[in-house]
Chemist: 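My questions all concern the structure below.
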Amino acid sequence: MDTPIFQDKVICILCGFCGFTKVSKDIISNNIEKLGGTTVKKISQLPENLTHLIVPYFSTESKLLKTLKISQLPDCKIVTQDWAIQSIKLKTLLPEDTFLWKCYFQRQQEKMAEVDELKRKSQIDEEYHINKQLKLQSNIKIEENFEENENQIKIEENLEIKNEENDIKIKLDPDIKIEIKQEDESSRFISDKRRRANWKEDELSKFKFYTGKQSIDNKNDHIIQMLEELKNNYTILKDKGRIIGYQKAISAIRSFPEKITSIEQLKGVNQIGKQTLQKIKEILETGSLSRVEAMDEHERLGQLKLFLNIWGVGTEAAEKLVRKGYKTIEMIKANPPDFFNENQKIGLALYDELLEKIPREEVKEISEKITKVAESLANGRQLTAITCGSYRRGRPLCGDIDILMTFEDGGAHTGLLSILVEELKKIGLVTHTLVITDEEIKKKHENSTFEGIAKLENGLHRRIDIKIYPRKTYAWALLYFTGSAMFNRSMRLFAKTKGFRLSDEGIFPAIRYKTETFTCAPIADCYTEEEIFEFFGMAYKAPEERDM
DNA sequence: TGGCCAATACTG
DNA sequence: CAGTAT
DNA sequence: GCCA
């Protein structure tokens, strides 16, 4: 057994918000227990002898109180996850004072206030440089495990990276400091410059699959359709691996430039292995796939497929329906099961309409109407609204309408979404609400989401999402909601191989500890998609090029 | 043989 | 909390 | 199902 450095410590870890995940929490928990500590399982009942509360870096006090469902923070050390991570790493119980959440929080607040102030003063073209500056600063911060000193942000100075020795003061005991530095420099924390240089090298090899050059006159449509079918079947069977496998094979074939007449042509193509090759051979020779046919004979599968198309019905509910003996949508409509919730009832009622693809023109019309209403509610502030999803990627037909909004002034948007939805309902454009986030609780610096149904006077019911993000994370959200799913996956996977985690709110360094991963504070302030691509060291890809 | 994107929010 | 969705 |  390792040194029980956490002996007599009773520690509660809060997770699930502000970028600190349950996975990370579990890892830390396990390690603490391994090192002799006790962790609190139920946050609803904090024990009397609680010694430490571990909270995410960016927690606000109200968020903590809400999570704990208490009115006052407990009387114990409140620290960020770094305290535990570093202690575990160094097998030494580190002093709490350098990791106190309150200090971190205060520094953060001060910095934010300063940035806000600067932004207000600066012109738009200057803003770009400020962001650059902050980007460099945040990278240094990460390299030093957030041990930044109280130095002011020196915006007026040049863009040179700050001298680490002068500006960064490690507050830990000297021995420990050396250890941290050694470990970090040798493995995880390379400078942003070097990191980006590295990224550039294999940029193309990673992304050549998603160049978006799909043939317009789908020469190999029959093969693709067959494989799609197979993929759908595995979706129902919840075989995540095969779903991805087939999806990649489909992408590969879609971007294959020639008409496939012999499998010889496909030999050596990435993502098309032996088995897929065999299947394509069968399609070429017989025009069909015995695997698909065999699967189709299980009427169960067909029914599941049918039911899964009801909005709000997933694999579990679909299974249940089959077990109850439903065969068709009509049967369900005639006699709905008692376990259906409100959303599933809406999904059922609008089953056929929601399956219809939406012509581009209609997406545009609905988006414009909504944007106009939103602008009228913006009190003169500059509102940006972009319709994302397949529409932005240039598809002639779209599955749903995905509108992303932000205030250019960087201010809060609290309450706008619910008012907007109210208004849209009043004019009859929005007919149903499926989900809407509770903005009262979330306060500012967060994002709000509406999921619902919209309809033009003479049109069909359409699935629509409206999201409002703070300006700070807008570009990341834009990238994410523009997709495609495959493009996002490849980009995130790419980030992952570089020791990062990419999400709709930014890019975060992910520190590895043994085989597991911890997520740190975000780096890189990107205000446009171009900046994100630049950060990745990639050539900018237009939305149309991300379509697959 | 294991991993294949991640995080969050809502419903009931 | 499980299930579903984005 | 594919890949490392």
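Keep in mind the model is a prediction, meaning the values are calculated, not measured. Below, read A as the first sequence line, B as the second, and so on, with proteins coming before strands; counting in each chain starts at 1.
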Chemist: Anything under 3.5 Å between a donor and an acceptor, one on a side chain of residues 304-313 of chain A, the other on a protein residue two or more places apart or in another chain? List them.
Modeler:
residue: A:K305; atom: NZ; partner: A:E229; partner atom: OE2; Å: 3.0
residue: A:K305; atom: NZ; partner: A:N233; partner atom: OD1; Å: 2.8

Chemist: Using a cut-off of less than 4.0 Å, is there contact between a side-chain N or O of A:T437 and OP1 or OP2 of B:dT8?
Modeler: no
Chemist: In whole angstrom, what separates A:L417's CG from C:dT6's P?
Modeler: 16 Å
Chemist: Can you figure out which of B:dT11, B:dC10, C:dT4 approaches the side chain of A:T315 most closely?
Modeler: C:dT4
Chemist: How many Å lie between CD on A:E316 and C1' on B:dG12, as a whole number?
Modeler: 15 Å
Chemist: Using only side-chain N and O atoms of A:R501, determine if any of them is under 4.0 Å from OP1 or OP2 of B:dA7.
Modeler: yes
Chemist: So A:F533 and A:F487, would you call those rings parallel, tilted or perpendicular, with 30° and 60° as cut-offs?
Modeler: tilted
Chemist: Pick base, sugar-phosphate or nothing for A:S503, based on heavy-atom distances below 4.0 Å to the nucleic acid.
Modeler: nothing
Chemist: For A:F481 and C:dT6, what is the distance between atoms CZ and C1' respectively, to the nearest whole Å?
Modeler: 6 Å
Chemist: For A:I243 and B:dC5, what is the distance between atoms CD1 and P respectively, to the nearest whole Å?
Modeler: 11 Å
Chemist: Is A:D504 salt-bridged to A:K467, going by a charged N under 4.0 Å from an acidic O?
Modeler: no
Chemist: Considering every strand and a 4.0 Å limit on heavy-atom distances, what is the contact class for A:N488: base, sugar-phosphate, or nothing?
Modeler: nothing
Chemist: Can you give me the first and the last nucleotide of DNA chain D (5' to 3') that has an atom within less than 4.0 angstrom of a non-hydrogen atom in chain A?
Modeler: D:dG1 to D:dC3
Chemist: Under 4.0 Å: is that the gap between some side-chain N or O of A:W311 and OP1 or OP2 of C:dT6?
Modeler: yes
Chemist: To the nearest angstrom, how far is A:L479 atom CG from B:dC5 atom C1'?
Modeler: 13 Å
Chemist: Answer yes or no: does a side-chain N or O of A:R492 lie under 4.0 Å from OP1 or OP2 of B:dA7?
Modeler: no
Chemist: Can you list every salt bridge (Lys or Arg N to Asp or Glu O under 4.0 Å) pair that touches residues 473-489 of chain A, not counting sequence neighbours?
Modeler: none
Chemist: Expressed in angstrom and rounded to an integer, what is the separation of A:D465 atom CG from C:dT4 atom P?
Modeler: 18 Å
Chemist: What is the nucleic acid contact for A:Y480, judged by heavy atoms within less than 4.0 Å: base, sugar-phosphate only, or nothing?
Modeler: base
Chemist: Between atom CD1 in A:I346 and atom P in C:dA5, what is the gap in whole Å?
Modeler: 13 Å
Chemist: Does NZ belonging to A:K333 count more than 12 external heavy atoms closer than 6.0 Å?
Modeler: yes
Chemist: For A:T449, report the nucleic acid contact type (base, sugar-phosphate, nothing); a contact means any heavy atom under 4.0 Å.
Modeler: nothing
Chemist: Does a side-chain N-to-carboxylate-O contact under 4.0 Å join A:K345 and A:E342?
Modeler: yes
Chemist: Answer with base, sugar-phosphate or nothing: what part of the nucleic acid does A:Q344 contact at a heavy-atom distance below 4.0 Å?
Modeler: nothing
Chemist: Once you apply a heavy-atom cut-off of 4.0 Å, does A:A317 come out as touching a base, just sugar-phosphate, or nothing?
Modeler: sugar-phosphate
Chemist: Using the C1' atoms only, state how far D:dG1 lies from B:dA7, rounded to an integer number of Å.
Modeler: 27 Å
Chemist: I'd like to know if A:E282 and A:K279 make a salt bridge, using a cut-off of under 4.0 Å between side-chain N and carboxylate O.
Modeler: no
Chemist: Check every strand shown and say whether A:K320 touches a base, only sugar-phosphate, or nothing at a heavy-atom separation below 4.0 Å.
Modeler: nothing
Chemist: Once you apply a heavy-atom cut-off of 4.0 Å, does A:G273 come out as touching a base, just sugar-phosphate, or nothing?
Modeler: sugar-phosphate
Chemist: Could you check whether A:R360 makes a cation-pi contact with A:Y391, meaning its NZ or CZ is under 6.0 Å from the centre of the six-membered ring and within 45° of the ring axis?
Modeler: yes
Chemist: Rounding to a whole Å, what distance do you find between A:Y469:OH and C:dT6:P?
Modeler: 13 Å
